[in-house]
Amino acid sequence: MIWHPDWAGVLTGQPLQWIISGFLTTLYVSIAGSVLATLLVVLLIALRLSQSRLARGAVAAFVSVFRNTPLLVQLLFWYFAAYGALPQSWRFYIGDTHAWAVFPGNIAWLTPEFLCAAWGLGLFTAAFLVEEVQAGLNSVPKGQTEAAISQGFSRKTLLLSILLPQALTNAWQPITGQYLNLMKLSSLATGIGFSELTYQVSQIESYNAHAFEGFAVGTLLYLALGMILGGLMTIFGPKRPQQRPQAAQKAEVNDGI
C-alpha cells in the first residue's frame with residue numbers, strides 16, 4: 001500500500017479555517033507579548049541602574065524566578081491560579097463577548113486564554129531580555145562613561161544617548177533571538193487551551209487524521225513567521241557604523257603629521 005499525502009484535507013474547508021485562525025492568533029499574541037516584554041525591560045533596566053539596593057534586589061529576584069522555572073508551569077499558574085483569584089465581576093467581564101475586543105480575522109483578545117498567554121510570555125521573555133541588554137551595556141567601554149561624566153552629562157542623557165544605543169547595537173542579535181523564542185514558545189500556550197497554531201493543527205489530526213499534512217503546514221508557517229520577524233528586526237534594528245578602510249585611516253594620520 002502506497003501512502004500519498006492529502007493536502008486538500010488540510011488546505012480546504014474547516015481545517016484551513018483552523019490553520020488561518022491559529023496563525024493569526026499566534027501572530028497577535030506574539031506581538032502583544034513582545035510589547036509587554038519591551039515595556040518591562042525598560043522598567044527593569046531603570047530599576048537595575050538605580051542607586052536603590054531594594055530596586056536592584058527586586059530585579060535580581062524577578063530574573064531568577066522567571067528564568068529558572070518552566071514557562072508551561074508559569075502559564076498554568078497565571079491561568080488556573082492567578083486568573084481564578086481575580087474578583088468574580090472581573091472574570092465575568094473578561095469572559096463576556098465584546099465586539100470591540102476583536103483583532104482582524106475575528107480573533108478575540110479579551111479572553112482569559114489570550115491575556116494569560118500574552119502576560120506569561122511577556123514576563124518570561126523580559127527576564128531574558130534584561131540580561132541581554134545588561135550584557136550589551138557591560139560591553140561599552142567604561143572610558144565613555146567617564147568621559148561623558150567629565151563633560152557634565154546627566155545620568156539620563158548618558159544612558160539614553162551614549163550607553164543604550166551602543167548596548168542595543170552590541171546585543172541586537174541575541175535580543176532578536178529572544179523575541180523569536182517568544183513567538184515559538186507561544187506554542188506552549190496550548191496547555192491552557194489557547195487556540196494558537198499548534199492547538200489548531202492538533203485538531204486536524206482528530207478531525208480527519210491528516211496529522212502529517214497538518215503539522216507540516218504548521219511547521220512551515222512557524223518557519224515563515226520566524227524568518228519574517230527576524231528579517232524585520234534585522235532591517236529596522238540598530239546598525240553598526242561602517243568602519244573606514246585602514247588605508248584611509250593611515251592616510252589621515254600621515255596628513256596630520
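All residue numbers refer to positions in the sequence shown, counting from 1.
Across Ser186 and Val29, no two heavy atoms sit closer than the pair CB-CG1, 4.0 Å. Contact record, Leu225 with Phe23: CB-CE1, 4.1 Å, taken as the closest heavy-atom pair. Nearest heavy atoms, Ala167 versus Val133: CB-O, 4.2 Å. Listed here is the closest heavy atom pair of Leu72 and Gly191: CD1-CA, 4.3 Å. Across all their heavy atoms, Thr198 and Ser187 have their closest contact at OG1-CB, 3.2 Å. Contact record, Leu36 with Gly122: CD2-CA, 4.0 Å, taken as the closest heavy-atom pair.
Distance check, rounded to the nearest 0.5 Å: CD of Glu196 to OG1 of Thr190 gives 5.0 Å. Atoms CG and CD1, on Leu11 and Ile19 in that order, are 6.0 Å from each other to the nearest 0.5 Å. To the nearest 0.5 Å, the span separating CG on Asp6 from OG1 on Thr12 amounts to 8.0 Å. With rounding to the nearest 0.5 angstrom, the CD atom of Glu132 is 11.5 Å from the OG1 atom of Thr125. With rounding to the nearest 0.5 Å, the separation of CD1 in Ile175 from CG in Leu180 is 12.0 Å. Taken from CD1 in Ile45 to CG in Leu137, the straight-line distance is 5.5 Å, to the nearest 0.5 Å.
Scanning for salt bridge (Lys or Arg N to Asp or Glu O under 4.0 Å) contacts around Glu113 gives an empty result, with sequence neighbours left out.
For the side-chain hydrogen bond (donor to acceptor under 3.5 Å, both in side chains) condition, no pair includes a residue of residues 82-92, sequence neighbours left out.
Using a 4.5 Å cut-off between side-chain heavy atoms of Ile, Leu, Val, Met, Phe, Trp and Tyr, with links allowed through other members, Leu40 and Val65 fall into the same hydrophobic cluster. Side-chain heavy atoms closer than 4.5 Å link hydrophobic residues (I, L, V, M, F, W, Y) into clusters, and following such links, possibly through other members, connects Leu27 to Val201. Note on Ile94 and Phe80: same hydrophobic cluster, where clusters join Ile, Leu, Val, Met, Phe, Trp and Tyr whose side-chain heavy atoms are under 4.5 Å apart, directly or indirectly. The hydrophobic clustering, which links ILVMFWY residues whose side-chain heavy atoms are closer than 4.5 Å, places Phe77 and Val63 together. By the criterion of side-chain heavy atoms lying less than 4.5 angstrom apart, applied directly or through intervening Ile, Leu, Val, Met, Phe, Trp or Tyr residues, Phe194 is grouped together with Ile107 in one hydrophobic cluster.
Side chain to side chain, Gln14 and Gln17 fail the donor-acceptor criterion of an N or O pair below 3.5 Å.
For the pair Ser21/Gln200, a side-chain contact is recorded, criterion being any heavy-atom separation below 4.5 Å from C-beta on. For the pair Thr169/Gln166, no side-chain contact is recorded, criterion being any heavy-atom separation below 4.5 Å from C-beta on. With contacts defined as side-chain heavy-atom distances shorter than 4.5 Å, the pair Leu24/Phe103 does not qualify. Two residues are said to be in side-chain contact when any heavy atoms from C-beta on lie closer than 4.5 Å; Phe62 and Leu44 meet this criterion. At least one side-chain heavy atom of Leu164 sits under 4.5 Å from a side-chain heavy atom of Leu168. Inter-residue side-chain proximity for Leu129 and Tyr179 is flagged as met; some heavy-atom pair is nearer than 4.5 Å.
Under the 30°/60° scheme for interplanar angles, the aromatic rings of Tyr93 and Trp100 are found to be tilted. Note: Trp18 and Tyr207 have perpendicular aromatic rings, judged against thresholds of 30 and 60 degrees for the angle between ring planes.
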Original post:
Taking it one step at a time, do Glu131 and Gln134 satisfy side-chain hydrogen bond (donor to acceptor under 3.5 Å, both in side chains)?
Top reply: CA-CA 5 Å; Glu131 292 300 295; Gln134 184 65 57; over 6 Å; no
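In the hydrophobic clustering, where aliphatic and aromatic side chains (Ile, Leu, Val, Met, Phe, Trp, Tyr) are joined below 4.5 Å either directly or transitively, Ile235 groups with Ile228, Leu232, Phe236.
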